[in-house]
Amino acid sequence: MRKKIVAGNWKMNTNLQEGVALAEKVNEALKGVTPNCDVVIAVPFTHLASVNAVIDSAKLGLGAENCADKKSGAYTGEVSASMVASTGATYVILGHSERRQYYGETSAILKEKVGLALENNLTPIFCIGEVLEERENGTYFDVVKAQIEEALFELSAEDFGKIILAYEPVWAIGTGKTATDDQAEEMHAFIREILAAKYGEAVAEETSILYGGSCKPSNAAQLFAKPNVDGGLIGGASLEAESFMGIVNAF
Ligand code: PGA
């Protein structure tokens, strides 16, 4: 059975002290309870080592929000996958629409990042999703298919099996406008079909596909009830332990 996962994406929010305090709160909320899903927080690079020191990694996974597309060397300001792994983090978000949109990350760049993440035993949470115009002009299936094919389809079935996907329609991110549960399910089922055609039914059935975009405690249960929605990637609502846990408990 594929994993159910709720992952927080803090983005560029919280200073180090605030971030450690938030991680401590989430960690505390998980004490003595066994949620029906894996719980992960993806935090700014600067917070990784300090957050790792205050959480119980058996109950709360830790990830970065990005990593470099190069191994090491003269790339001022970049943070490599091996540096991320050395903090104790085990996940990395890659291909988030904000990285694609504001920092020009192409499928070719993302392919490099995915390879380096896997080499360093990081689990990529790979984001895909269409913009509003593509939703409205009906090309959204093609867009998502191309994003998956271009960055991931040179992976072996074994390596592909290590990937978590996150479908995040860009028009739903941070806008308060959630995709309906039927829209999410339709896309997730489509993605699973593409995976089955490329890697076979078993790999497709084992791949966790998260939904992201204005997911909150009030709509999470309805989204997560859909058979192909295996959890959520949570931005705004992950910045408070209560709302984040409200989503975790929606499972
Ligand atoms: P949001 O962000 O929950 O604030 O819409 C989701 C994401 O970008 O991962």
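Order of appearance sets the numbers: ligands from 1, and atoms from 1 within every ligand.
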Ring pair (Phe, Tyr, Trp, His ring centres under 6.0 Å) contacts touching residues 130-170 (sequence neighbours left out):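 Passing the test, one end in residues 130-170: F141-F190, F153-Y199, F160-Y199, Y167-H188.
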Quick one: does [X] get a heavy atom under 4.0 Å from ligand 1?
X	answer
G174	yes
G212	no
H96	yes

Using modelled atom types and a 3.5 Å cut-off, is there a donor and acceptor pairing between side-chain atoms of [X] and backbone atoms of [Y]?
X	Y	value
Q147	G129	yes
D181	A221	no
E130	R135	no

message: For the 3.5 Å polar cut-off, considering only N or O atoms, please tell me whether T175 and ligand 1 meet it.
response: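 No, T175 has no N/O under 3.5 Å of an N/O on ligand 1.
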- request: Answer yes or no: does atom NZ of K4 have more than 12 heavy-atom neighbours from other residues, nucleotides or ligands under 6.0 Å?
  value: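 Yes - once you tally the heavy atoms of other residues, nucleotides and ligands closer than 6.0 Å, there are more than 12.
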- request: Return the set of residues passing side-chain hydrogen bond (donor to acceptor under 3.5 Å, both in side chains) with E134 (not counting sequence neighbours), or none when no residue passes.
  value: none
- prompt: Nearest protein heavy-atom contact for atom 2 (O) of ligand 1: which residue, which atom, what distance?
  reply: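 Going atom by atom, the protein heavy atom closest to atom 2 (O) of ligand 1 ends up being K11 NZ, 3.3 Å.
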message: I need the contact type for N9 against ligand 1. Using non-hydrogen atoms and a strict under-4.0 Å cut-off, is it side chain, backbone, both or neither?
response: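 N9 to ligand 1: side-chain contact only, backbone stays beyond 4.0 Å.
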Side chain, backbone, both or neither: A172 near ligand 1, heavy atoms under 4.0 Å: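 Under 4.0 Å from ligand 1, A172 contributes backbone atoms alone.
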field: Approximate separation, where rounding is to 0.5 Å, of L165 CG and D230 CG
entry: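 Here the rounded value is 9.5 Å.
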- request: Would you tell me whether E168 and H96 have side-chain atoms, one donor and one acceptor, within less than 3.5 Å of each other?
  value: yes
Under 4.0 Å to a heavy atom of [X] - the qualifying atoms of ligand 1, by number:
X	result
E168	6 (C), 7 (C), 8 (O), 9 (O)
S214	1 (P), 3 (O), 5 (O)
G236	1 (P), 3 (O), 4 (O)
L233	6 (C), 9 (O)

query: Heavy-atom distance to atom 1 (P) of ligand 1: which of S238, G235, C127, P169 wins?
result: G235
